[in-house]
Amino acid sequence: MSSAKVLIVEDDPTLVRVLSDNFNHEDFEVHTAVDGESGLASARRIKPDLIVLDIMLPRINGYEVC
């Protein structure tokens with residue numbers, strides 16, 4: 001059985017690291033993006049089971065991505 005996929009869209013590297021570590025510890029397949037534009041592209045490409053989406057993002061904000 002494959003792991004559930006989570007996409008973390010966050011521009012704060014410390015928060016990305018903490019969230020990634022926690023999801024990895026729970027055996028999620030973790031993907032990350034640092035801005036709304038790349039987050040939207042990643043969501044379309046990998047079709048994650050869960051998206052952790054920051055609101056205040058560069059390029060495209062989290063509301064627009066949602």
Side-chain angles (χ1 to χ4, degrees):
M1 183 173 155
S2 64
S3 298
K5 294 180 274 190
V6 62
L7 172 61
I8 300 167
V9 186
E10 171 60 59
D11 59 337
D12 180 334
T14 302
L15 193 50
V16 170
R17 187 176 60 249
V18 169
L19 288 168
S20 294
D21 288 349
N22 281 292
F23 280 110
N24 277 318
H25 180 73
E26 296 297 327
D27 295 324
F28 282 83
E29 178 184 324
V30 178
H31 301 267
T32 62
V34 295
D35 60 54
E37 190 174 291
S38 61
L40 187 56
S42 293
R44 288 178 172 151
R45 186 180 68 254
I46 66 169
K47 298 182 181 11
D49 299 293
L50 172 70
I51 299 175
V52 178
L53 178 62
D54 185 15
I55 298 303
M56 302 290 290
L57 291 168
R59 297 183 153 198
I60 303 173
N61 70 46
Y63 290 115
E64 292 176 83
V65 171
C66 189

Check: Val65 and Leu53 side chains under 4.5 Å, non-hydrogen atoms: yes

Any Val6 side-chain heavy atom under 4.5 Å of Val30 side chain: yes

Sequence-distant partners of Asp11, side-chain hydrogen bond (donor to acceptor under 3.5 Å, both in side chains), two or more places apart: none

Transitive ILVMFWY cluster of [X], excluding itself - 4.5 Å side-chain cut-off:
X: Val34; result: none
X: Ile55; result: Tyr63
X: Met56; result: none

side-chain hydrogen bond (donor to acceptor under 3.5 Å, both in side chains) partners of residues 41-50, not counting sequence neighbours, each pair once: none

Pairs meeting criterion side-chain hydrogen bond (donor to acceptor under 3.5 Å, both in side chains) with involvement of residues 30-41, two or more places apart: Glu29-His31, Asp35-Ser38, Glu37-Arg59

For Ile51 against Ala43, the heavy-atom pair lying closest together: CD1-CB, 4.0 Å

Approximate separation, where rounding is to 0.5 Å, of Cys66 SG and Ile60 CD1: 13.0 Å

Return all side-chain donor-acceptor pairs below 3.5 angstrom for residues 12-28, not counting sequence neighbours, or 'none' if the list is empty.
{"from": "Asp12", "atom 1": "OD1", "to": "Thr14", "atom 2": "N", "distance (Å)": "2.9"}
{"from": "Asp12", "atom 1": "OD1", "to": "Leu15", "atom 2": "N", "distance (Å)": "3.4"}
{"from": "Ser20", "atom 1": "OG", "to": "Val16", "atom 2": "O", "distance (Å)": "2.8"}
{"from": "Asn22", "atom 1": "ND2", "to": "Val18", "atom 2": "O", "distance (Å)": "2.8"}
{"from": "Asn24", "atom 1": "ND2", "to": "Ser20", "atom 2": "O", "distance (Å)": "3.1"}

